Amino acid sequence: MCLLDAVEEWSDEHVRCRASSHRAADNPLRAHDRLAAACGIEYAAQAMAVHGALTAQQDARPRAGFLASLRGVKLHVGRLDNIAADLMIEVRRFSGDGNNVLYDFSILSEGRMLLEGRAAVIINADAASVL
């Protein structure tokens with residue numbers, strides 16, 4: 001399931017992605033014809049995975065990442081499916097090493113903050129060979 005449409009900008013510290021799938025009637029995260037704002041966490045997690053892939057060493061083996069915890073999550077809206085404009089998903093890596101990464105994330109639409117928070121991701125190279 002890929003929810004993101006494009007990478008708009010990236011560096012070693014951050015990535016900004018665009019998504020329009022929140023409006024799709026067949027969005028796999030929808031329930032009861034709605035897409036709850038908490039589903040934005042999955043959009044942010046996918047942006048974190050994209051950032052990890054973009055910043056990995058070119059010939060490095062792909063590594064699995066697991067969302068370990070969320071902190072300070074604030075939902076500023078109740079749902080995403082009624083947001084008319086595209087979503088802008090930004091994740092900013094503020095700490096980490098080869099096995100643990102901490103990100104701040106936010107999702108905006110037309111300059112309006114929809115949700116934000118902090119996530120810890122654990123990288124596990126051995127898990128990629130099991131999957």
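It should be emphasised that the depicted structure is a prediction, and the values quoted were computed from it without experimental measurement.
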L4 CG to C17 SG distance, which is reported to the nearest 0.5 Å: 5.0 Å
Heavy-atom donor-acceptor pair, D81 side chain to L35 backbone, under 3.5 Å: yes
Is it true that W10 and L102 fall in one hydrophobic cluster, defined by side-chain heavy atoms closer than 4.5 Å? no
Validation: residues 64-78 side-chain donor-acceptor distances under 3.5 Å, sequence neighbours left out:
{"unit_1": "H76", "atom_1": "NE2", "unit_2": "E116", "atom_2": "OE2", "d": "2.6"}

To the closest 0.5 Å, what do you measure between CG (L80) and CG (L29)? 9.5 Å
Is any side-chain N of the basic residue among E8 and R16 closer than 4.0 Å to the acidic one's carboxylate O? no
Counterpart residues, side chain to side chain donor-acceptor pair (under 3.5 Å), relative to R30 (two or more places apart): none
For the atom pair CE (M1) and CG (L3), what is the distance rounded to the nearest 0.5 Å? 5.0 Å
Should the heavy atoms of other residues, nucleotides or ligands under 6.0 Å from CG of D97 be counted, would the total exceed 12? yes
Rounded to the nearest 0.5 Å, what's the gap from CG on D86 to CG on L108? Could you check? 13.0 Å
Do you know which two heavy atoms are closest between I89 and A44, and how far apart they sit? CG2-CA, 3.8 Å
Should we count CZ of R23 as having more than 12 external heavy atoms under 6.0 Å? yes
Heavy atoms only: give me the nearest R118-F105 pair and the separation to one decimal. N-CE2, 3.5 Å
Distance from Q46 atom CD to S21 atom OG, nearest 0.5 Å? 8.0 Å
Step by step, work out the side-chain contact (heavy atoms from CB on, under 4.5 Å) result for M48 and R93. CA-CA 9 Å; M48 291 172 212; R93 177 185 171 144; over 6 Å; no
Is there a donor-acceptor pair closer than 3.5 Å between any side-chain N or O of E110 and the backbone N or O of A85? no
Hey, could you give me each pair passing ring-ring contact (aromatic ring centres under 6.0 Å, His included) that has a residue in residues 17-57? Not counting sequence neighbours. H51-Y103
Check the hydrophobic clustering (I, L, V, M, F, W, Y; side-chain heavy atoms under 4.5 Å; chains of links allowed) and say if M88 and I41 are grouped together. no
Ignoring hydrogens and angles, tell me if any N or O in the side chain of D5 forms a donor-acceptor pair with the backbone of S20 under 3.5 Å. yes
Looking only at heavy atoms, what is the nearest atom pair of A47 and V15, with distance? O-CG1, 3.4 Å
Taking atom CZ of R79 and atom CG of L114, what is their separation to the nearest 0.5 Å? 13.0 Å
How far apart are the C-alpha atoms of E90 and D104, what are their side-chain angles, what is the distance that settles it, and do they pass the side-chain contact (heavy atoms from CB on, under 4.5 Å) test? CA-CA 8 Å; E90 180 145 1; D104 283 328; over 6 Å; no
